[in-house]
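Predicted model, so just to flag it, every value in this text is computed and none were measured. Order of the sequence lines sets the chain letters (A, B, ...), proteins ahead of strands, with each chain counted from 1.
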Amino acid sequence: TQLLEQSPQFLSIQEGENLTVYCNSSSVFSSLQWYRQEPGEGPVLLVTVVTGGEVKKLKRLTFQFGDARKDSSLHITAAQPGDTGLYLCAGAAFTGNQFYFGTGTSLTVIP
Amino acid sequence: SQTIHQWPATLVQPVGSPLSLECTVEGTSNPNLYWYRQAAGRGLQLLFYSVGIGQISSEVPQNLSASRPQDRQFILSSKKLLLSDSGFYLCAWNGETTDTQYFGPGTRLTVL
């Protein structure tokens, strides 16, 4: 059972454009993480959101955790080629040792 | 600061051969440890997790096994590899009181 669905699965945009990636679930999570992964490397943590309705900004990246703690979004402003990669969301269960990963969004930013 | 290591980085093995992948964490104690497998460009499939020495939980039936002989060491093994065992294997850890996982650099396994 895939608890977290990400959309879109693939995204190819021009440098300077804006984009939003969605991570949706019918389950409630203790917290939610976003990672970026480059080919052949491990995922690198971007942010953890904990509180329902929370918004965090990391330079040109804005992360939002849904009020009901079931979904999240990642918005990138003025995308750059360095943003290219696989974006993964992960929900943490309340037990503290279970994590559920989304299907991934592969982003390509064309110079 | 905490660091996580995996080795080897890449591995090419024939079908039927044994496997041993190692993961170690530095700078923390009593971590929860995880093994994931990732298909190309896709999400992660949890294989095993461990909350302490000798404590292993398996998420899916498979040809693989895991062991935790020391607090900060997690090993993924197989007695006889299958073609379907090929993939990118990731080790991760999180602290007892934190929700966030941190990943190692991964091991690319190719079974021929």
Engineer: Does any donor atom in the side chain of B:Thr100 or A:Thr48 lie under 3.5 Å from an acceptor atom in the other side chain?
Structural biologist: yes
Engineer: What part of A:Ser30 lies closer than 4.5 angstrom to a heavy atom of chain B: side chain, backbone, both or neither?
Structural biologist: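 Looking at A:Ser30, backbone and side chain both touch chain B.
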Engineer: What part of B:Gln38 lies closer than 4.5 angstrom to a heavy atom of chain A: side chain, backbone, both or neither?
Structural biologist: side chain
Engineer: Provide the closest heavy-atom pair for B:Tyr49 versus B:Tyr34 in the form atom of the first, atom of the second, distance.
Structural biologist: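 Nearest heavy atoms, B:Tyr49 then B:Tyr34: CB-CD2, 3.4 Å.
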Engineer: Main chain of A:Tyr87, side chain of A:Gln6: is a donor-acceptor contact present, judged purely on distance under 3.5 Å?
Structural biologist: yes
Engineer: Please classify the contact between A:Tyr35 and chain B as side chain, backbone, both or neither, with a heavy-atom cut-off of under 4.5 Å.
Structural biologist: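 When you check distances to chain B, only side chain atoms of A:Tyr35 fall under 4.5 Å.
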Engineer: Is there a donor-acceptor pair closer than 3.5 Å between any side-chain N or O of A:Ser72 and the backbone N or O of A:Gln64?
Structural biologist: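 Yes; judged by distance alone, with no hydrogens or angles, the pair exists.
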Engineer: Could you tell me whether the side chain of B:Ser78 and the main chain of B:Leu64 form a donor-acceptor pair under 3.5 Å?
Structural biologist: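 Side chain of B:Ser78 to backbone of B:Leu64: no pair is present.
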Engineer: Would you kindly say whether B:Tyr36 and B:Gln101 are connected by a side-chain donor-acceptor distance under 3.5 Å?
Structural biologist: yes
Engineer: Salt bridge or not between A:Asp67 and A:Lys70? Use side-chain N to carboxylate O under 4.0 Å.
Structural biologist: no
Engineer: When only heavy atoms count and the cut-off is under 4.5 Å, which of residues 7-27 of chain B reach chain A?
Structural biologist: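 Answer by number: none.
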Engineer: Check each atom of B:Leu90 against the heavy atoms of chain A and say whether the ones under 4.5 Å are side chain, backbone, both or neither.
Structural biologist: side chain
